[in-house]
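Let me begin by presenting the structure, written as structure tokens, before commenting on it.
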Amino acid sequence: AALAREEAGLAADVAERDELNETFEATATLRTMAEELRQKVGEGERRMGERRRQVELYERLCTLRDARLEEASKRGLDAEARMALAGAKLAVARQELREGRAAADAGAHALAAAQRGLRLSQLAKRAV
């Protein structure tokens with residue numbers, strides 16, 4: 001009877017040890033799985049960080065391009081304004097040229113008339 005109790009106690013100890021070994025193995029397996037999941041989560045977070053940086057980079061590029069387009073538009077407007085101003089200056093210069101030609105023509109006519117008057121005056125003096 002004592003031997004049977006000892007065998008039963010040993011069998012219970014063996015069963016408890018087997019259960020503890022299974023629990024230990026299951027715990028080790030769960031720890032391995034948890035570590036693999038942490039690595040996958042870390043990889044996912046790293047990829048998300050890269051994606052965020054790419055999105056931020058694209059947003060900055062878009063902002064720069066918008067600024068460049070706006071600046072180019074302003075330069076285009078400035079160029080149009082400069083061209084309009086140059087056109088106006090050209091019109092003024094042409095008008096001044098026309099007026100200058102007219103004044104020069106009038107001056108030439110006046111000079112010719114004065115020269116004729118001088119000749120006539122000289123002729124009249126000689127005649128007297």
Side-chain angles (χ1 to χ4, degrees):
L3 189 58
R5 272 186 271 157
E6 196 174 317
E7 280 182 17
L10 285 173
D13 287 345
V14 168
E16 187 179 341
R17 187 193 69 210
D18 288 344
E19 187 179 323
L20 286 173
N21 282 339
E22 286 176 16
T23 303
F24 179 75
E25 288 173 10
T27 302
T29 302
L30 288 174
R31 283 187 180 138
T32 302
M33 290 172 61
E35 183 59 32
E36 289 172 356
L37 287 173
R38 272 191 219 101
Q39 288 175 358
K40 287 181 181 178
V41 167
E43 181 67 21
E45 288 175 347
R46 185 187 62 77
R47 286 183 184 165
M48 286 300 293
E50 287 175 4
R51 297 274 188 229
R52 274 192 210 104
R53 284 189 292 279
Q54 284 178 340
V55 167
E56 290 170 0
L57 177 64
Y58 290 144
E59 286 174 345
R60 279 187 255 141
L61 286 173
C62 288
T63 301
L64 287 173
R65 286 183 179 163
D66 287 346
R68 286 180 183 163
L69 286 172
E70 187 175 325
E71 188 177 316
S73 175
K74 286 179 183 177
R75 280 195 311 260
L77 292 176
D78 288 348
E80 287 179 24
R82 285 193 303 269
M83 287 174 56
L85 180 62
K89 286 181 178 180
L90 181 59
V92 167
R94 285 180 178 159
Q95 182 63 33
E96 288 174 351
L97 182 60
R98 279 188 221 112
E99 290 172 2
R101 284 182 186 154
D105 289 345
H109 290 298
L111 179 61
Q115 287 173 342
R116 281 192 302 269
L118 180 60
R119 280 190 219 131
L120 287 174
S121 169
Q122 288 172 347
L123 286 174
K125 278 186 190 177
R126 285 186 198 155
V128 173

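Start at 1 with the first residue, then count along the sequence. Everything numeric here is computed off the predicted structure, so don't read it as measured data.
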Handout entry: Under 3.5 Å: donor-acceptor pair, side chain of S121, backbone of G117
Key = no
Handout entry: Heavy-atom donor-acceptor pair, S73 side chain to L69 backbone, under 3.5 Å
Key = no
Practice task
Report yes if the side chains of Q95 and R98 come closer than 4.5 Å at any heavy-atom pair, otherwise no.
Solution key: yes
Between [atom1] on residue [X] and [atom2] on residue [Y], distance to nearest 0.5 Å:
X   : Y   : atom1 : atom2 : result
E71 : D66 : CD    : CG    : 12.5 Å
E45 : R38 : CD    : CZ    : 12.0 Å
Q54 : R51 : CD    : CZ    : 5.5 Å
T23 : E16 : OG1   : CD    : 10.0 Å
T63 : R60 : OG1   : CZ    : 9.5 Å
R31 : F24 : CZ    : CZ    : 7.5 Å

Problem - E6 atom CD, neighbour heavy-atom count above 12 within 6.0 Å - result: no
Practice task
Decide, yes or no, whether a salt bridge links R47 with E50 under the criterion of side-chain N to carboxylate O below 4.0 Å.
Solution key: no
Problem - Short side-chain donor-acceptor distance under 3.5 Å, R119 and Q122 - result: no
Practice task
Provide the closest heavy-atom pair for R46 versus R53 in the form atom of the first, atom of the second, distance.
Solution key: O-NH2, 4.4 Å
